[in-house]
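These notes are about the structure you will find just below.
Atoms within each ligand, like the ligands themselves, are counted from 1 in listed order.
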Amino acid sequence: MPNELDIINKAEITHCLTKQEIVVLLTSHEYDQHLFMAADRVRSKFVGDQVHLRGLIEFSNICQQNCYYCGLRKDNVHVKRYHLQPETIIEFARKAKGYGYQTVVLQSGESHAYTVSDMQYIISNIKSLDLAITLSVGEKSKAEYRAYKDAGADRYLLRIETTDRKVYEALHPGMSFENRVRCLTDLKELGYEVGTGCLVGLPNQTMESLADDILFFKALDADMIGLGPFIPNADTPLAQEKGGSFILSLKVMAITRLLLPDANIPATTAMETLNKEGRMIALKSGANVVMPNVTEGEYREMYTLYPGKICINDTPAHCRGCITGKISGIGRQVSTEYGFRLRK
Ligand code: 5AD
Ligand code: SF4
Ligand code: FES
């Protein structure tokens, strides 16, 4: 049997691979369909056919960081900055609940636009709507993470972006890899469900570093892993770069599913930007979560991490109907649960 099939079988049965084995899978192409089918079987066996929806509220695009790849970076003067009032954020969450979402994800750039007590107010009010709350607001102190947790936050998303230190330092001026890992460790210790993930196709990123990223998710025992291609943004220093491919992103995701069989893995928006069936293909290759946008009005368009973002002119009601239809179309069902990780 070819080596690749041996490796895929081993991963499907033991959920463990060496770095070298992951590199073999990432580098070869012939057995990609086998890889995707194995990831789909593991997904079905461990997390079932239900797809968890998370309503994404992009509540502020103000950011103090300068990540080279991101359109919201501080030095990008082409972005019109906004931050929603606490009452507006709570209202968007109430509407999301009305559309049947059981979880909202509160995402923003990293900034001091909201005080800790503003955040506590927002979190506790949304919590009282009987919604699970995921935060995605960047690097904070442990005390701040604790305050959010005490206010009712359940989960936290903070992608490591890349575990390749050289690549990390080159793309994140003024930030440190150590502090990012410190944040993830603190969040785990505080009892959050922790999500991380990486960008695929960053300049100077190698197959070896992608293999390290996957092993990092496993070592952290991440509860959620968000993966997507890097898509060059014209308003950033990486405007001229090539960007990541859809297939390679899908492979990193599929291998991640094989190694973390019970994790929650979204079919990301960035995947759909590169392939118009991207999210459904991802759901059939290991993913079990979708994060439709529930931000209203003009703000979607102003939250431009990368170009070609989907749904910028659609309403939350439209996206909700659209995604439900697509999910039924592939023979899966929208979950009515909160969608916490169930360890198996
Ligand atoms: N292409 C793809 N994803 C991006 N992100 C930021 N900029 C880009 C880009 N140009 C991702 C980062 C971040 C998440 C919120 O968006 O991985 O963690
Ligand atoms: Fe800010 Fe996040 Fe974009 Fe970095 S990736 S510039 S922290 S919004
Ligand atoms: Fe927004 Fe399909 S999910 S239009």
Is atom 1 (Fe) of ligand 3 under 2.8 Å from any N, O or S atom of His318?
no
Backbone or side chain, does Cys322 get an N/O/S atom under 2.8 Å to atom 1 (Fe) of ligand 3?
no
Under 4.0 Å to a heavy atom of [X] - the qualifying atoms of ligand 1, by number:
X      : answer
Leu199 : 2 (C), 3 (N), 4 (C), 17 (O)
Pro229 : 1 (N), 2 (C)
Tyr69  : 6 (C), 7 (N), 8 (C), 9 (C), 10 (N)

Just which atoms of ligand 3 are under 4.0 Å from any heavy atom in Cys311?
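Here the atoms of ligand 3 in question are 1 (Fe), 3 (S), 4 (S).
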In terms of atom number and element, which parts of ligand 3 are under 4.0 angstrom from non-hydrogen atoms of Cys319?
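Near Cys319, the atoms of ligand 3 are 1 (Fe), 3 (S), 4 (S).
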Does atom CD (Glu30) have a neighbourhood of more than 12 heavy atoms from anything else shown, all under 6.0 Å?
no
Part of Arg279 with heavy atoms under 4.0 Å of ligand 3, whether side chain, backbone, both or neither
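The answer is the side chain of Arg279.
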Are Arg155 and Phe340 in a cation-pi contact, defined as NZ or CZ under 6.0 Å from the six-membered ring centre and within 45° of the axis?
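Yes, cation above the ring, under 6.0 Å and within 45°.
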Given the ring of Tyr101, does Arg320 sit roughly above its face, with NZ or CZ under 6.0 Å from the centre of the six-membered ring and within 45° of the axis?
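Arg320 over Tyr101 ring: yes.
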If you define the side chain from C-beta out and look only at heavy atoms, does anything of Phe92 sit under 4.5 Å from Pro316?
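No, too far: nothing below the 4.5 Å cut-off.
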Looking only at distances, please establish whether an N/O atom of ligand 1 is found under 3.5 Å from an N/O atom of Tyr306.
no
Looking only at protein heavy atoms, identify the closest one to [atom] and say how far it is in Å.
atom                    : value
atom 1 (Fe) of ligand 2 : Cys63 SG, 2.2 Å
atom 3 (Fe) of ligand 2 : Cys70 SG, 2.3 Å
atom 4 (Fe) of ligand 2 : Cys67 SG, 2.3 Å

If we check side chain to side chain contact (heavy atoms under 4.5 Å, CB included) with Leu106, which of these qualifies: Ile89, Leu56, Leu157?
Ile89
Which residue, Ile265, Thr256, Leu259, forms the side chain to side chain contact (heavy atoms under 4.5 Å, CB included) with Phe217?
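So the option named by the test is Thr256.
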Check each of Arg73, Glu58, Glu161, Gln107 against atom 18 (O) of ligand 1 and report the one with the nearest heavy atom.
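Of the listed residues, Glu161 has the closest heavy atom.
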Could you work out, for atom 10 (N) of ligand 1, the closest of Ile231, Leu227, Asn233 by heavy-atom distance?
Ile231
Please confirm whether Gly197 approaches ligand 1 to less than 4.0 Å, judged on its heavy atoms.
no
Ring geometry between Tyr192 and Tyr145 (parallel below 30°, tilted from 30 to 60°, perpendicular above 60°):
perpendicular
Examine Tyr114 together with His83 and report whether their ring centres are nearer than 6.0 Å.
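When the ring centroids of Tyr114 and His83 are compared, they turn out to be within the sub-6.0 Å range.
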Residue pair Arg73 / Asn76, side-chain donor-acceptor N/O under 3.5 Å:
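Result is no, nothing qualifies.
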